[in-house]
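See below for the structure under consideration.
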Amino acid sequence: MTLPIPSGTRDVLPDEMRERHGVVAALRDVFTSHGYGEVATPAVEYASVLERAGVAAGAGAADPRFRSVDEHGETLVLRSDMTVPIARLVSARFSDAPLPIRLSYQAHCYRSIVPGRGQSREVLQAGIELVGAGAPDGTAEALTVLVGALQAVGLDDARVAVGDASIFPELLAGAGVDDARRAAILHELSTRDLVGLEREVRAACDEGTAAMLLHLASRRGGPELLDALEDPRAVAATEGVRQIVDGVDEDVRSRLILDLGLTLKLGYYTGAVFEVYAPGQGHAIGGGGRYDDLLGRFGRSLPAVGFALDVDALHTALVGKSRGSWRVGRPAPAPGLGAVSTPDAPTEVPS
Amino acid sequence: MNPFGLRIAVPRGVMMGETLDALDRVGVDTREVRENDRKLLFDDAGIVTMRPSDVPTYVESGAADIGVTGKDVLMEQRTRDVVELADLGFGPCRMVLDSIAGDADPAEEALRRLGVMRVATKYVTIATRYLEATGRQAEIVKVNGSVELAPLTGMVDAIVDLTATGTTLRENGLVIREEIAASTARLIANPATHRLRADAVDRLREALVAG
């Protein structure tokens, strides 16, 4: 008998479950060792509460897609990420707690998918939120925890792309670009259409400004790319990124890829944004950033930063190195799942 | 593998020749690809070949690092997470709305009398978005080839299709009523490759753009 499950969901069997526990345990140890306390929130929330986050319908992954109505006619939604529920939690339960507040979580989140792309409706996320610590120190701490987490699960060759969602809005405002053109430019940037970006930027700006913006949008690489910036406007707008680079230690810095054109589609990011990539994985396996305006919408105005890792994507990246090799006959450079361990508490993962 | 160390998705069909010419000029040896019509994967050249509409699929997943496909394909598959790096200029064509030639546009007639027009297309997303954006109610009929047949048999009032020279349209008694978008070949990259291997991606992009 074939009993289907919804597309974009899957069952996890004992072998994989053991390995997943290894990944989760390693992440949890890192979060705990940095002083982050683990929390859980309900999978269902009132739509009216989450809508305070100002996440517009159709704005991307953070827009909850699973809705239902309760006994009183209130709309309930399945959470689509943990950042907004934790913002609610902090405002409700930590309203006079000393700062900063360090919270971590492992939780399933629910999203809509495009059929036929192998996307998941249900994503197990592990992450942290650091509330009450502004830029650049809070951002540097979050990146340090993030790099530590990637190393602890054995993804030494994973890299964190770091950008700043405020670079382009700031430069466009400085150049006197009107709102409609600004929105068009930011749209091309967030959909990563560099051809459309060039068209929109050239239509909105003088030649020198356009050249500066297009140059900036395509810069990716190590900290040296900040030194190579010449236009004083670009230097000023990327000051936040420079402070992050200066605020982390050498080991963390070596795992960052600065990407000055990086923006994320989620509307609530205000400053630094991160995307995590691992070789052999075509998609980002995690992401995050600063959201300094979000907490204020829930009653306690505080700067905040956080990230979430997709646990199954981390697991796939670990086994994918060896799995990829039998798929396409490439040699496997992978240490494999035996590398899932933490410095102080090695967790052997049966494979 | 090619000197860039990137796996390149090359579209079969009308864009293939110019794509291979462009790759030859930047130092990718494409002889084996030209000599083998049926083979799909060329490890020495670092090239994989496929239908243009499959290029974003392979590039998005990371199975290919970089690829060439038409802007029409990218518009139709607009939710694909790929980086559109450059307009390569070749393979120009237009996405147009056509109907049977004559003084009265059958599509406008249908809209006026019935409040809705029937439109056949291979490009369901583009047609739907365009007709919505221009405030017209339309019933979209998905067909997979020879779209020109659909209005001739009376199945639909108009079609949305790609045209390069317009010859096929004229021979079937159709005329272009509206131009929706222009399309050329685009260079696209996987977002992870775009960051993890920024130098190689930029070198290939700059070489291809310089021609």
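As the structure is a prediction and not an experimental result, all values here were calculated from the model. Naming: A, B, ... by sequence-line order, numbering from 1 per chain.
For chain B, no part of A:Glu188 is nearby; none of its heavy atoms comes within less than 4.5 Å. Heavy atoms closer than 4.5 Å to chain A are found nowhere in B:Val59, neither backbone nor side chain. Contacts of B:Arg78 with chain A are absent, with no heavy-atom separation under 4.5 Å from either backbone or side chain. Within the 4.5 angstrom heavy-atom criterion, only side-chain atoms of A:Val114, from C-beta onward, approach chain B. Contact of A:Asp193 with chain B is made through backbone and side chain together, with heavy-atom distances under 4.5 Å.
The candidate with the highest count of non-hydrogen atom pairs below 4.5 Å against chain A, out of B:Ala192, B:Ala189, B:Gly62, is B:Ala192. Taking B:Arg205, B:Arg197, B:Arg80 one by one and counting their heavy-atom pairs under 4.5 Å with chain A, the maximum is reached by B:Arg80.
Side-chain atoms of B:Asp202 and A:Arg220, non-hydrogen and from C-beta on, do get closer than 4.5 Å to each other. Side-chain contact between B:Glu84 and A:Leu194 is absent, with no heavy atoms from C-beta onward closer than 4.5 Å.
Although no hydrogens or angles enter the test, the distance criterion places no donor-acceptor pair under 3.5 Å between the side chain of A:Arg192 and the main chain of B:Pro191. Proximity of a side-chain donor or acceptor of B:Asn190 to a complementary backbone N or O of A:Gly282 within less than 3.5 Å is detected.
Other residues, nucleotides and ligands place more than 12 heavy atoms under 6.0 Å from the CZ atom of B:Phe42. Residue B:Arg31 places its CZ atom among 12 or fewer non-hydrogen atoms of other residues, nucleotides or ligands, all under 6.0 Å distant. Heavy atoms from other residues, nucleotides or ligands lying under 6.0 Å from CD of A:Glu224 number more than 12. Heavy atoms from other residues, nucleotides or ligands lying under 6.0 Å from CG of B:Asp21 number more than 12. Enclosure of atom CZ in B:Arg129 is not indicated, since only 12 or fewer non-hydrogen atoms of other residues, nucleotides or ligands lie within 6.0 angstrom. More than 12 heavy atoms of other residues, nucleotides or ligands lie within 6.0 Å of CD in B:Glu179, so this atom counts as buried by the packing criterion.
To the nearest 0.5 angstrom, A:Ser218 atom OG is 8.0 Å from B:Glu206 atom CD.
Counting only N and O atoms by type, the side chains of A:Arg117 and B:Thr79 include a donor and acceptor under 3.5 Å apart.
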